[in-house]
Protein chains: 2
Amino acid sequence: MKLNPRQQQILLAIIKEYIDTAEPVGSRTIARKYKLGVSPATIRNEMADLEEMGFIEQPHTSAGRVPSERGYRYYVDYLMQRYSLSPEEEDLIRQEYTRKVRDIGLLLQRTGQLLSQLTHCASVVQSPKLEVGSYKHIQLVEMSPGRAMLVIVMDSGMIQHQMIDIPTSITGSDLTTISHVLNAKLGGSTVETIKITLLKEIYLELTRHRQILDMVLEALRSSSASVSEDKIYLGGLFNILSHPEFHNVEKVKTLLSLLEQENLLANLLAQINQPGINVRIGGEMSCREIQDCSIVTATYEIGGQPIGYLGVLGPIRMDYAKVISVVDCMTKNLSYALERLFKGGGR
Amino acid sequence: MKLNPRQQQILLAIIKEYIDTAEPVGSRTIARKYKLGVSPATIRNEMADLEEMGFIEQPHTSAGRVPSERGYRYYVDYLMQRYSLSPEEEDLIRQEYTRKVRDIGLLLQRTGQLLSQLTHCASVVQSPKLEVGSYKHIQLVEMSPGRAMLVIVMDSGMIQHQMIDIPTSITGSDLTTISHVLNAKLGGSTVETIKITLLKEIYLELTRHRQILDMVLEALRSSSASVSEDKIYLGGLFNILSHPEFHNVEKVKTLLSLLEQENLLANLLAQINQPGINVRIGGEMSCREIQDCSIVTATYEIGGQPIGYLGVLGPIRMDYAKVISVVDCMTKNLSYALERLFKGGGR
DNA sequence: TGTTAGCACTCTCCTCTCTTGAGTGCTAAC
DNA sequence: GTTAGCACTCAAGAGAGGAGAGTGCTAACA
């Protein structure tokens, strides 16, 4: 379906105007504001064609035109011009990412807040999925009689801990011994490469402590299973309430109840997220609750490895040009910040 | 201001009916549904008195009566009967808390969800503020040349970790040595009781590693400062949208924007939360954004020590009897679950 | 003196009608 | 191919009228 240049101009004008005002756009408005050098009547003719091709729609006969999902898709793919962040916006971002970060959670949360603030939409930020990697250090610490903490450090920088019950006969120095053996034998192995022979060796060396070994190995196994924590930070939900399309409380309710079900949301986003910047418009997503929304996501990475995504969720009538720029920019900034945090170098 | 028994009965009836229907309550309704043995006319007379005393209000002359905040307060303090959880509700709670918990965050989040589900209100759950306590174990793990992870385990079960830059000349065994000395010297000390003499001893023993020691001690110090993480888990926000008082999007927006500002919310809740069960009704809170809501909170504890609070937030017209029972019950269950998790005993 | 029936009065809410205005499609002229 | 003109459509808002719920007041009753 090819559009001639004038049709493209008119479609672009309708979309820009509608994103701005949230009101159906009439032929006169376009003729007045976007000097195309033709009269409203001509524009009307072209609009009739655009409607026939499915790029715009009419809420009712005597209203102006509104972009259809197909129209937005055409806009995003062919018409849209890159938005350049204003100096103030760039400042805001730079300010955030030159801070010293202590807590990753806080960093992700503030990233989400910034995304929302800049786009006036809701934001989603997935916590990084660190590769599990290989065991770097294993430590058993006696907490109280019959109770120990197992601390596991992986070479990816991931750390996990877990309380386990132990026989009360075990002493602190026993735990140190066990820790030493485990480190010596398992250090450098990945979760998958723990061989039976290796386990046999460990059992041989620690025959006295079979019982506690079983517990520790079980804990190691289960901890590697629970790695995919996959937390999603939501931010700026109240922003979407400002958009007139969400003045209907029922809509807000269905949307909110979806967002609060973290696993559903995670599935949806995982489905959407591909390498690069992803734009999903309304019905392009197969999820009923979110048909009135569009989502823009992108993947952030450490050392070239994708480890998570972030994105923006708003009404279909969102400012795609700006949202895409912001998402792109924030992805790069977050990647860089995480890289510094994990791989070191500079402060 | 004393109420005679009949006035109390009528006030109780008005509040029950209004909580149920969200509609102003008329004298005929009360006469019909709550057999007080008097005619609507008599009830009208009493209602006029109750209104004069400020316990109920009239939205407009030809409407029924609505409880005022003062009326709710009287109800909560004197009239309300304890609500007993239904067997299904008790089952639901028991089911949740007999699961094996791995992650505290998950436990708190699910607690919030349960609170919301049972009360049809939004929930807030503060993460436990573990006492810092004394150092149980300190470990430096080499991650890559020039980069190490410092792991700190406190006897309260709190664990913290942090990446630090180290001179590239330092080897893995250097780090082990340093860890040993730190454990030997600092183990059992609290953050406050680290004396200068102790530090001098450490520096003496590790003169070769002054540089890295400075870093580690700095990290120890700053980590104890960042302990008060004070995360608040929100849940079931969409629930409050079901209540007719939140069909106004503006109200929802102000409320949501307050809830998303975690520090503001934390301040507010800290102000509210006293030992025992706290009920704050609308204007009793000095926060403008939340004047249309009531909050019920309570404190959970480990071993008798209060370590956090949880609560329910909903419209002023909430079912206080039920909410209070649920909050009370969940507080006890959460306390018990955390106790098992930290102090051990039974699985 | 407390209680009740009766009644006029008030005020919201719903429905219906009418008007206004924005915008369209079609036709004929340029 | 473009444009002016015109009849037509439809949503939204204003206004009027009626229904209904509930009240306060008065007078009668126990």
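Lettering follows sequence order; numbering is per chain, from 1.
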Distance, rounded to the nearest Å, where A:D49 contributes CG and C:dG25 contributes P: 10 Å
Separation of D:dG22 P from B:E57 CD (nearest whole Å): 18 Å
Pairwise salt bridge (Lys or Arg N to Asp or Glu O under 4.0 Å) hits with a residue in residues 78-92 of chain B, at least two apart: B:R82-B:D328, B:E89-B:K322, B:D91-B:R94
All pairs passing side-chain hydrogen bond (donor to acceptor under 3.5 Å, both in side chains) where residues 250-260 of chain B contributes a residue, at least two apart: A:S242-B:K253
d(CZ, A:R65; P, C:dG23) in whole Å: 11 Å
Test side-chain contact (heavy atoms from CB on, under 4.5 Å) applied to B:I240 - qualifying residues, sequence neighbours left out: B:A122, B:F246, B:L255
Backbone N/O of B:G235 and side chain of B:S116: donor-acceptor pair under 3.5 Å: yes
Length of the line joining A:M47:CE and C:dG23:P, which is rounded to integer Å: 9 Å
Integer-rounded Å distance: D:dT23 C1' and B:I10 CD1: 15 Å
Close approaches to DNA chain C from residues 20-34 of chain B, in residue order (heavy atom, under 4.0 Å): none
Sequence-distant partners of B:F238, ring pair (Phe, Tyr, Trp, His ring centres under 6.0 Å), two or more places apart: none
Partner residues of B:E46 under the salt bridge (charged side-chain N to carboxylate O under 4.0 Å, His left out) criterion, sequence neighbours left out: B:R6
Spacing between B:Y18 atom OH and D:dG22 atom P, to the nearest angstrom: 14 Å
For A:Y18, ring pair (Phe, Tyr, Trp, His ring centres under 6.0 Å) partners two or more places apart: none
Counterpart residues, side-chain contact (heavy atoms from CB on, under 4.5 Å), relative to A:C329 (two or more places apart): A:L85, A:I93, A:N333
For DNA chain C, the dot-bracket pattern of Watson-Crick and G-U pairs whose distances stay under 3.5 Å, | for other-strand partners: ||||||||||||||||||||||||||||||
A:Y72 and A:Y320 aromatic ring geometry - parallel, tilted or perpendicular at 30°/60° bounds: tilted
Please list, one pair per line, the donor and acceptor atoms closer than 3.5 Å that link side chains of residues 22-34 of chain B to other protein atoms, with sequence neighbours excluded.
| from | atom 1 | to | atom 2 | distance (Å) |
| --- | --- | --- | --- | --- |
| B:S27 | OG | B:R44 | NH1 | 3.3 |
| B:K33 | NZ | B:E17 | OE2 | 2.9 |
| B:Y34 | OH | B:E17 | OE1 | 2.9 |

Per-nucleotide protein contact string for nucleotides 3-11 of chain C (B base, S sugar-phosphate only, - none; heavy atom under 4.0 Å): SBBB---BB
Whole angstrom value for the distance that separates P of D:dT3 from CG of A:L36: 11 Å
Salt bridge (charged side-chain N to carboxylate O under 4.0 Å, His left out) against B:E57, all qualifying residues, sequence neighbours excluded: none
